[in-house]
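Everything on this sheet refers to the single structure shown next.
Indexing begins at 1, ligand by ligand and atom by atom, following the structure's order. Numbers here simply count residues along the sequence, with the first being 1.
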Amino acid sequence: MKVVKNSKEMLRISSRIKESGKTIGFVPTMGYLHEGHISLIRRARRDNDLVVVSIFVNPIQFGPNEDYKKYPRNLRQDRKIARDKGCDIIFCPDAKQIYPKGYATRVKVSGLTSYMCGASRPGHFEGVTTVCAKLFNIVRPDIAYFGQKDYQQAVVITRMVKDLNMGLKIKTMPIVRERGGLAMSSRNEYLSPQQRRDAAALYESLKEAKKLIRSGCRESAGIKAAMRRMISKKPGIHIDYITIADPETLRSQNRLGAKSLIALAARIGRTRLIDNVLVDCE
Ligand code: PAF
């Protein structure tokens with residue numbers, strides 16, 4: 001497995017791969033790789049001739065009071081995991097490689113970024129789309145892989161790729177969960193054992209929502225109230241939002257549609273967690 005730190009070198013390598021007619025599968029990450037990332041690497045391995053994983057904790061997608069500085073990092077462990085799972089190239093630039101002196105360009109998707117996490121984390125998605133646009137230009141993937149846990153991120157990036165004719169495919173892969181149901185996230189590392197047990201209430205509330213829907217409930221207010229009741233049994237959890245929304249436009253639905261996204265964000269201590277399920281009411 002090759003480790004590349006320099007953007008120009010990465011672009012040279014990916015251009016050579018493309019000229020040889022081989023396909024590139026790309027898994028963009030901020031590192032601290034877990035089973036969720038591994039599922040993306042495995043899928044990229046299956047679909048493509050070569051697999052590139054990027055590891056870059058992107059400063060511009062964090063707000064001023066967020067966890068950029070303490071975001072978990074372990075490049076040595078990540079390199080081992082990536083190599084063992086079949087990655088061919090790790091691209092791990094530093095911030096100066098991605099945002100050199102004089103850097104002045106941002107990519108912003110409007111509309112979709114005003115809901116859900118976009119409302120509570122101003123500027124976050126602009127940081128994500130900016131770095132992904134850059135990474136796509138440097139790595140030149142045929143397919144890039146994202147996890148459904150960051151559902152809104154995947155929708156926003158898919159929109160950007162379409163709007164800017166970027167010529168790659170975005171594949172969104174299912175959420176991988178811990179044994180207790182908590183969605184895998186590098187931020188789970190911050191949780192104490194008790195907080196980790198409590199955090200399972202988030203997925204329990206999503207399962208409760210699905211149960212209500214299966215029994216015929218279609219009013220969003222009632223479903224969201226039941227989810228809040230369930231989560232409030234754990235006093236350490238503070239809900240940021242619960243939404244039932246159209247999976248494509250992300251606009252909230254008062255009544256469930258043929259397809260709906262049920263998504264939530266919550267804080268446990270200083271840790272912000274997100275989770276979601278897609279439901280089919282047809
Ligand atoms: O999902 C993430 O880890 C990040 O938001 C991403 C897509 C790597 C961009 O920094």
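Heavy atoms only, all atoms of each residue included: Ile41 and Ala82 are closest at CD1-CA, 4.4 Å. Between Thr243 and Ser252, the shortest heavy-atom distance links the atoms OG1-CB, 3.9 Å.
Ring planes of Phe56 and Tyr99: tilted class, angle from 30 to 60°.
Of all atoms in ligand 1, numbered sequentially from 1 with element shown, those under 4.0 Å from a heavy atom of Phe146 are 7 (C). Proximity to Val131 (heavy-atom distance under 4.0 Å) selects the following atoms of ligand 1: 9 (C), 10 (O). Atoms of ligand 1 lying under 4.0 Å from any heavy atom of Gln153, numbered from 1 in the order shown and given with element: 1 (O), 2 (C), 4 (C), 5 (O), 7 (C). For ligand 1 and Thr29, the ligand atoms under 4.0 Å from any heavy atom of the residue are 8 (C).
Neither the backbone nor the side chain of Ile157 comes within 4.0 Å of ligand 1, counting heavy atoms alone.
For Arg12 and Glu9, the salt-bridge test fails: no basic side-chain N is under 4.0 Å from an acidic carboxylate O. Ion pairing between Lys18 and Asp142 holds under the 4.0 Å rule for side-chain N and carboxylate O.
Any N or O atom pair closer than 3.5 Å counts here, and Gln61 shares at least one such pair with ligand 1.
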